[in-house]
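First up is the structure itself, then whatever we jot down about it.
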Amino acid sequence: MSFFVELWESVFTPGTTPALITATHASFILLIISLITLIYLTKSIHFFNLLVIAVLLYGTVFWFINELQKVKLQSNEELANKDGDAKKEAETTKDTPATAESTSVPDSNKVKKRKA
């Protein structure tokens with residue numbers, strides 16, 4: 001499969017894929033090289049400011065990609081199963097009678113009247 005096909009399919013895949021990470025790194029590296037070239041040719045402070053912004057953005061995107069890889073993403077089926085389990089637990093707690101202690105309002109949550 002070609003790189004561009006993998007990149008297109010990564011758009012529809014949850015999480016990060018190797019093709020997406022490669023394209024992200026390549027894009028930022030080309031942006032930084034372009035800005036360094038423009039700084040060299042024009043000696044403009046504006047391109048230097050853009051370079052600082054691009055480097056900071058690249059760092060945050062790189063950090064975010066690493067954080068995503070640490071977290072295990074769940075599929076839609078796994079999320080649906082968890083949602084179904086939560087609904088079943090809620091139904092079973094509804095069926096049990098509530099005690100007087102659980103329905104009473106603590107003193108700190110009661111509405112206090114002000115003196116006028």
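None of these values were measured; they are calculated from a predicted model. All values below come from the heavy atoms of this structure, side chains included, with hydrogens, waters and symmetry mates left out. Residues: numbered from 1 along the sequence shown.
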Donor-acceptor pairs under 3.5 angstrom involving side-chain atoms of residues 23-30: please list them, not counting sequence neighbours.
| unit_1 | atom_1 | unit_2 | atom_2 | d |
| --- | --- | --- | --- | --- |
| Thr24 | OG1 | Leu20 | O | 2.8 |
| His25 | ND1 | Tyr58 | OH | 2.7 |
| Ser27 | OG | Ala23 | O | 2.8 |

What heavy-atom pair brings Phe48 and Ile39 nearest, and what distance separates the two atoms? CA-CD1, 3.5 Å
Minimum heavy-atom separation for Thr42 and Leu38, please, with both atom names.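 Minimum heavy-atom contact is OG1-O, 2.6 Å.
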Can you hop from [X] to [Y] via hydrophobic side chains spaced under 4.5 Å?
{"X": "Val55", "Y": "Ile65", "result": "yes"}
{"X": "Leu7", "Y": "Val61", "result": "no"}
{"X": "Leu41", "Y": "Leu51", "result": "no"}
{"X": "Ile45", "Y": "Ile53", "result": "no"}

Looking at Glu9, is its backbone amide N or carbonyl O close enough to the side chain of Thr13 to form a donor-acceptor pair, meaning the two atoms are under 3.5 Å apart? yes
For the [atom1] atom of [X] and the [atom2] atom of [Y], what is their distance to the nearest 0.5 Å?
{"X": "Ser34", "Y": "Phe47", "atom1": "OG", "atom2": "CZ", "value": "10.5 Å"}
{"X": "Phe64", "Y": "Leu57", "atom1": "CZ", "atom2": "CG", "value": "12.5 Å"}
{"X": "Phe3", "Y": "Ser10", "atom1": "CZ", "atom2": "OG", "value": "8.0 Å"}
{"X": "Leu50", "Y": "Leu31", "atom1": "CG", "atom2": "CG", "value": "8.5 Å"}

